[in-house]
Trainee: 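Sending over a structure as structure tokens; questions will come in a sec.
Letters A, B, ... mirror the listed sequences (proteins, then strands); counts begin at 1.
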Amino acid sequence: SQELEQSPQSLIVQEGKNLTINCTSSKTLYGLYWYKQKYGEGLIFLMMLQKGGEEKSHEKITAKLDEKKQQSSLHITASQPSHAGIYLCGAALGGSNYKLTFGKGTLLTVNP
Amino acid sequence: GAVVSQHPSWVICKSGTSVKIECRSLDFQATTMFWYRQFPKQSLMLMATSNEGSKATYEQGVEKDKFLINHASLTLSTLTVTSAHPEDSSFYICSASIRGVGYTFGSGTRLTVV
């Protein structure tokens, strides 16, 4: 079974709308990372969350980590076409600096 | 800082030939490098973990004789796809872990085997 479950798999929103992507782990999280990618290109680092309850924001993107629930959410406020892409959550499930396991990704489309 | 330079960014090769992909850490020493593969519309799948000066650790289902990983120095790790076939066509990307900082990724290599 998938160690990191990411939902939804795909999302289509109208420009200006808010959206949330979730990432749930079946194991203890030692660090949760959010990346954005356009297929065939490298990963763009968004956020790193390490402590339970931690919340970080950058521009219109906010990520939270619920350590007890082994879950993280990524929230985009007032989405723009530039937010379109694949969002991946990655977690070091075996310890810090351990190999990163990735969720299957969420394909976000923002319609103007 | 903490940049991983990956080359080539894309390569087309004939079936049966070998292709080498390089990842260099430019301003830090990478004792551990991770190699991932990504098929279209799928997520990144870890292939192997390479440690400087020792044999790589391969994930289940990854052929170590086909995907040769060398990590001979603290700044260079290479992945060689030997006797490539069309099913090896994919996006390959490396990553280095930096203690206390996180992970940095190369820009990826798109391999097409014809």
Trainee: Is there a donor in the side chain of B/His7 and an acceptor in the side chain of B/Ser5, or the other way round, less than 3.5 Å apart?
Mentor: yes
Trainee: Between B/Glu22 and B/Thr78, does any side-chain donor sit less than 3.5 Å from a side-chain acceptor?
Mentor: no
Trainee: Chain B heavy atoms under 4.5 Å from A/Leu100: which part of the residue, side chain, backbone, both or neither?
Mentor: both
Trainee: Could you label the plane-to-plane angle of the B/Phe105 and B/Tyr36 rings as parallel, tilted or perpendicular, counting under 30° as parallel and over 60° as perpendicular?
Mentor: tilted
Trainee: Can you tell which part of B/Phe39 gets under 4.5 Å to a heavy atom of chain A, answering side chain, backbone, both or neither?
Mentor: backbone
Trainee: Could you have a look at B/Gln6, B/Met45, B/Gln42, B/Gln38 and say which one has the most heavy-atom pairs with chain A under 4.5 angstrom?
Mentor: B/Gln38
Trainee: With a 4.5 angstrom heavy-atom cut-off, which part of A/Phe45 approaches chain B: side chain, backbone, both or neither?
Mentor: neither
Trainee: Between B/Leu44 and A/Gln37, does a side-chain contact (heavy atoms from CB on, under 4.5 Å) hold up when you go through it step by step?
Mentor: CA-CA 11 Å; B/Leu44 277 72; A/Gln37 184 193 29; 4.1 Å; yes
